[in-house]
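For reference, the structure discussed in these notes is given below.
A quick note: this is a predicted structure, and the numbers were derived from the prediction, not measured.
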Amino acid sequence: MDVYEYATIRVIPRVERGELINVGVLLYCQPRDYLCARVGLDETRLRALDPTADIEAVRLALKAYELSCGENPGPLAGESLGSRFRWLTAPRSTIVQPGPVHAGLTKDPEAELDRLFDKLVRLTNL
């Protein structure tokens, strides 16, 4: 079993109200050299919190999370996966924010990311 760290990615369309929806999960597993973001925006839920939310801006921000973890991470290309994870999970005061970092143990980071995404983001489990 290997230690991994994860954080939710959440959208807080009206920061002053503090209402949020989880829209993704970041998972980093140093022993497996693994960093991945999985996102899924439920526009209906977002519109319920803020009918005027800029959906395209939110989608662009979420795409940046995915790209930062991929093969061509842009400005983060010179950074280690651990440094990228720390940068991606640093507190922000924007509409798209990372949640707190948590840890766990896994044999398969990809399967764990799927499990966390299903549990924390998808509404099919309710």
Side-chain angles (χ1 to χ4, degrees):
M1 298 286 267
D2 293 311
V3 173
Y4 69 91
E5 298 173 85
Y6 76 94
T8 58
I9 303 168
R10 50 199 188 175
V11 174
I12 307 172
R14 294 177 61 195
V15 177
E16 70 279 6
R17 291 181 56 102
E19 299 169 328
L20 63 90
I21 59 171
N22 291 338
V23 295
V25 178
L26 284 163
L27 191 139
Y28 171 56
C29 183
Q30 181 182 15
R32 302 282 177 117
D33 202 31
Y34 181 88
L35 175 64
C36 191
R38 178 134 328 120
V39 299
L41 178 61
D42 183 332
E43 291 182 24
T44 303
R45 289 181 68 209
L46 179 55
R47 292 264 186 237
L49 293 180
D50 182 1
T52 65
D54 186 344
I55 299 288
E56 283 310 307
V58 171
R59 285 197 184 284
L60 284 173
L62 295 176
K63 188 69 174 169
Y65 276 90
E66 291 178 313
L67 291 173
S68 296
C69 296
E71 297 284 323
N72 299 308
L76 297 176
E79 300 295 327
S80 69
L81 294 183
S83 292
R84 285 192 228 169
F85 181 75
R86 300 285 169 249
W87 186 83
L88 291 168
T89 57
R92 290 175 173 71
S93 60
T94 60
I95 290 172
V96 179
Q97 300 179 9
V101 175
H102 304 282
L105 294 171
T106 188
K107 291 181 183 179
D108 182 350
E110 183 74 20
E112 191 63 24
L113 180 60
D114 290 340
R115 185 188 75 74
L116 289 168
F117 187 82
D118 286 345
K119 180 179 179 183
L120 302 173
V121 178
R122 287 196 177 129
L123 291 178
T124 56
N125 303 0
L126 299 178

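- Counting only distance, with no hydrogens or angles, the side chain of Q97 and the backbone of T94 share a donor-acceptor pair below 3.5 Å.
- The CZ atom of R59 lies 4.5 Å from the CD atom of E43; values are rounded to the nearest 0.5 Å.
- Remark: E19 engages R17 in a side chain to side chain donor-acceptor pair (under 3.5 Å) (not counting sequence neighbours).
- Between A90 and P98, the shortest heavy-atom contact is O-CG, 3.4 Å.
- Each of V96, V121, L62 was evaluated against V39; a single residue qualifies, L62, per the side-chain contact (heavy atoms from CB on, under 4.5 Å) test.
- The ring-ring contact (aromatic ring centres under 6.0 Å, His included) pairs that include a residue from residues 98-117 are Y6-H102, where partners are two or more places apart or lie in different chains.
- Distance CG/L49 to OG1/T44: 11.5 Å, rounded to 0.5 Å.
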Please lay out, stage by stage, how R10 and I21 fare under the test side-chain contact (heavy atoms from CB on, under 4.5 Å). CA-CA 6 Å; R10 50 199 188 175; I21 59 171; over 6 Å; no
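- Residues passing the salt bridge (Lys or Arg N to Asp or Glu O under 4.0 Å) test with R86, sequence neighbours excluded: E5.
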Solution key, residues 22-31 side-chain donor-acceptor pairs under 3.5 Å, sequence neighbours excluded:
from, atom 1, to, atom 2, distance (Å)
N22, ND2, L120, O, 3.1

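- Among residue pairs with one or both ends in residues 20-33, those qualifying as salt bridge (Lys or Arg N to Asp or Glu O under 4.0 Å) are D2-R32; sequence neighbours excluded.
- Residues V101 and L35 share a hydrophobic cluster, clusters being chains of Ile/Leu/Val/Met/Phe/Trp/Tyr side chains in contact below 4.5 Å.
- Taking CG of D50 as the reference point, atom CD1 of I55 lies at 9.0 Å (rounded to 0.5 Å).
- Put simply, CG on L20 and OG1 on T8 are 7.5 Å apart, with the number rounded to the nearest 0.5 Å.
- With sequence neighbours excluded, no residue forms a side chain to side chain donor-acceptor pair (under 3.5 Å) with D108.
- In this structure, L67 stands alone, with no Ile, Leu, Val, Met, Phe, Trp or Tyr side-chain heavy atom under 4.5 Å from its own, directly or through other members.
- The side chain to side chain donor-acceptor pair (under 3.5 Å) test applied to Y65 returns no partner, not counting sequence neighbours.
- Closest approach of L105 and Y4 over heavy atoms only: N-CE2, 3.3 Å.
- Atom CG in L60 sits 8.5 Å away from atom CG in D54 (nearest 0.5 Å).
- Residues meeting the salt bridge (Lys or Arg N to Asp or Glu O under 4.0 Å) test with E110, sequence neighbours left out: R38.
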Criterion side-chain contact (heavy atoms from CB on, under 4.5 Å) on C69 and L88, from CA distance to verdict: CA-CA 9 Å; C69 296; L88 291 168; 3.8 Å; yes
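- T89 contributes a side-chain N or O that, together with a main-chain N or O of F85, makes up a donor-acceptor pair within less than 3.5 Å.
- With sequence neighbours excluded, no residue forms a salt bridge (Lys or Arg N to Asp or Glu O under 4.0 Å) with R84.
- Residues passing the salt bridge (Lys or Arg N to Asp or Glu O under 4.0 Å) test with E16, sequence neighbours excluded: R14.
- Partners of R47 according to the side chain to side chain donor-acceptor pair (under 3.5 Å) rule, which considers only residues two or more places apart in sequence or in another chain, do not exist here.
- Neither L46 nor I12 shares a network with the other; the hydrophobic side chains, linked directly or stepwise wherever heavy atoms of I, L, V, M, F, W or Y lie under 4.5 Å apart, form separate groups for each.
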